[in-house]
Amino acid sequence: MQKSVNPRLKALFTLLESESGSYGPLLKQALAGAIRQNPQEVQQLLEQEFAASVPYAVLQTLEEICWEELATSLAAFAAKINPDLEEGLMLLAKFTSPTTARGDLAAPLDEMAAQLRPALVNAAGYPEIIHILGHFIFEMREFSILPAMNDIKELSFPRFLQKKCGSGLEMACLYVCLGQRFGLEMDIVDMAGRILVHLRDTTYQTSFLIDPLDKGKMISEDMCRAYIRARGLQNEPELFTPLSTRLIVRRFIANMIYVLHKMRDERRLNYLRSYLEIIKN
């Protein structure tokens, strides 16, 4: 037996289908309040009334409510002294899938970490750890790099974990998220446009670099400097500076903007550009 829904909420959805102009903002405000008060009731009504497809006006309003709520969440995230990478990736995923929760990232990452643990705890050193991670990610789990991004959903980290293919930046984030579960000092660096994972051995003050675009190949700092020289760039220490969590989040947003720019989707682009203003370096 279906549970009856709030008649006022049903009337609100009916108005959203037919009313526009000056009433639009008021209806949107009312729906936003209903979602905050009882999201399950709103979801139930959507499933009962629009089983086949949600009318465009209703869908557009729902999207904009979620994107405005996301702006608030991103502002709170950016205000933290040391924002958490997984939280940032979860928030970004809400742009294409508003119901995304932290568990959509944590659960698959925890499951992978549990499989990795027996091998990593017995690793003889950092080179072996890097080999184990690469073998696990690329051979056992069969993750791969997409040659090009044509759909903004491909930049959703939970979708990346499910589909096992994505950008080099997503692959680097996978390394960092797994490494954090084992207390590894990992971060991401931009080596003159080349995204690398930086692993530090704090005991011996040694650095190791991992190329997520080359199936987790370990490369030395000397090899990186040779790459920089070959590009005709200055061999500066800043090139090894880790990207902050805010910068990583900004890069994801910039990549999303790049994809939508090709589609000329100004409605979504306007929200993404506003997010860049919220997330500062």
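None of these values were measured; they are calculated from a predicted model.
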Report the C-alpha distance between Leu74 and Leu70 in whole Å, list the side-chain angles of each, state the deciding distance to 0.1 Å, and finish with yes or no for side-chain contact (heavy atoms from CB on, under 4.5 Å). CA-CA 6 Å; Leu74 286 172; Leu70 178 55; 4.0 Å; yes
Quick one, Met112 with Leu174, criterion side-chain contact (heavy atoms from CB on, under 4.5 Å). Give me CA distance, side-chain angles, the key distance, then yes/no. CA-CA 10 Å; Met112 281 189 275; Leu174 173 59; 3.9 Å; yes
Worked check of side-chain contact (heavy atoms from CB on, under 4.5 Å) between Phe138 and Met171: CA-CA 10 Å; Phe138 295 101; Met171 200 70 73; 3.8 Å; yes
Go through the steps for Glu170 and Leu89 under the test side-chain contact (heavy atoms from CB on, under 4.5 Å), then give the verdict. CA-CA 9 Å; Glu170 286 174 308; Leu89 295 172; over 6 Å; no
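Side-chain contact between Asp211 and Arg194 is present, with heavy atoms from C-beta onward closer than 4.5 Å. Side chains of Pro108 and Gln162 form no contact here, defined as non-hydrogen atoms less than 4.5 Å apart. Taking the side chain as every heavy atom from C-beta outward, Cys173 and Phe252 approach each other to under 4.5 Å. A 4.5 Å side-chain heavy-atom check between Tyr175 and Leu199 finds every atom pair outside the cut-off. Looking only at side-chain heavy atoms (C-beta outward), Ile253 and Leu92 come within less than 4.5 Å of each other. A heavy-atom distance below 4.5 Å is found between the side chains of Val189 and Asp187. Side chains of Thr100 and Ser156 form no contact here, defined as non-hydrogen atoms less than 4.5 Å apart. Two residues are said to be in side-chain contact when any heavy atoms from C-beta on lie closer than 4.5 Å; Ile279 and Leu247 fail this criterion.
Remark: side-chain polar atoms of Lys164 are not paired, donor with acceptor, to backbone N or O of Leu161 under 3.5 angstrom. Of the possible donor and acceptor atoms, none in the side chain of Asn270 sits under 3.5 Å from a partner among the backbone N and O of Arg267. Side-chain atoms of Tyr275 come within 3.5 Å of backbone N or O of Trp67 as a donor-acceptor pair. Judged purely by atom type and a 3.5 angstrom limit, Thr96 has no side-chain atom pairing as donor or acceptor with the backbone of Lys153. Judged by distance alone, the side chain of Arg250 and the main-chain N or O of Leu276 form a donor-acceptor pair under 3.5 Å.
A distance of 11.0 Å separates CG of Leu184 from CZ of Arg200, quoted to the nearest 0.5 Å. We find the CD1-CG distance between Ile132 and Leu116 to be 8.0 Å, quoted to the nearest 0.5 Å. Annotation: the span from Lys215 atom NZ to Ile145 atom CD1 amounts to 11.0 Å, rounded to 0.5 Å. In this structure, the separation between CZ on Arg141 and CD on Glu111 is 4.0 Å, given to the nearest 0.5 Å. Note that the CG atom of Asp104 and the CE atom of Met90 stand 9.0 Å from one another [nearest 0.5 Å]. A distance of 10.0 Å separates CE in Met218 from CG in Leu209, rounded to the nearest 0.5 Å.
Between His131 and His135, the angle of the ring planes stays under 30°, which puts this pair in the parallel group of the 30/60° scheme.
Salt-bridge formation is not detected for the pair Arg159/Asp151: no Lys NZ or Arg NE/NH1/NH2 atom is positioned less than 4.0 Å from an Asp or Glu carboxylate oxygen. Here Lys94 does not pair with Glu69 in a salt bridge; the nearest charged N to carboxylate O distance is not below 4.0 Å. In this structure, Lys163 does not pair ionically with Glu154, as no charged nitrogen and carboxylate oxygen lie closer than 4.0 Å. Look at Arg181 and Glu86 and you find a salt bridge, because one of the NZ, NE, NH1 or NH2 atoms lies within 4.0 Å of a carboxylate O, short of that distance.
Nearest heavy atom pair, residue Phe136 against residue Gln115, reads CE1-OE1, 3.5 Å. Between Gly168 and Leu213, the shortest heavy-atom contact is CA-CD2, 3.7 Å. Of all the heavy atoms in Pro118 and Val121, the pair that sits closest is O-CG2, 3.4 Å. Shortest non-hydrogen contact noted between Arg246 and Pro83 is NH2-CD, 3.6 Å. Closest approach of Thr245 to Phe77, counting heavy atoms only: CG2-CZ, 3.7 Å. The two residues Ile278 and Ala71 have their closest heavy-atom pair at CD1-O, 3.7 Å.
Using a 4.5 Å cut-off between side-chain heavy atoms of Ile, Leu, Val, Met, Phe, Trp and Tyr, with links allowed through other members, Tyr258 and Met149 fall into different hydrophobic clusters.
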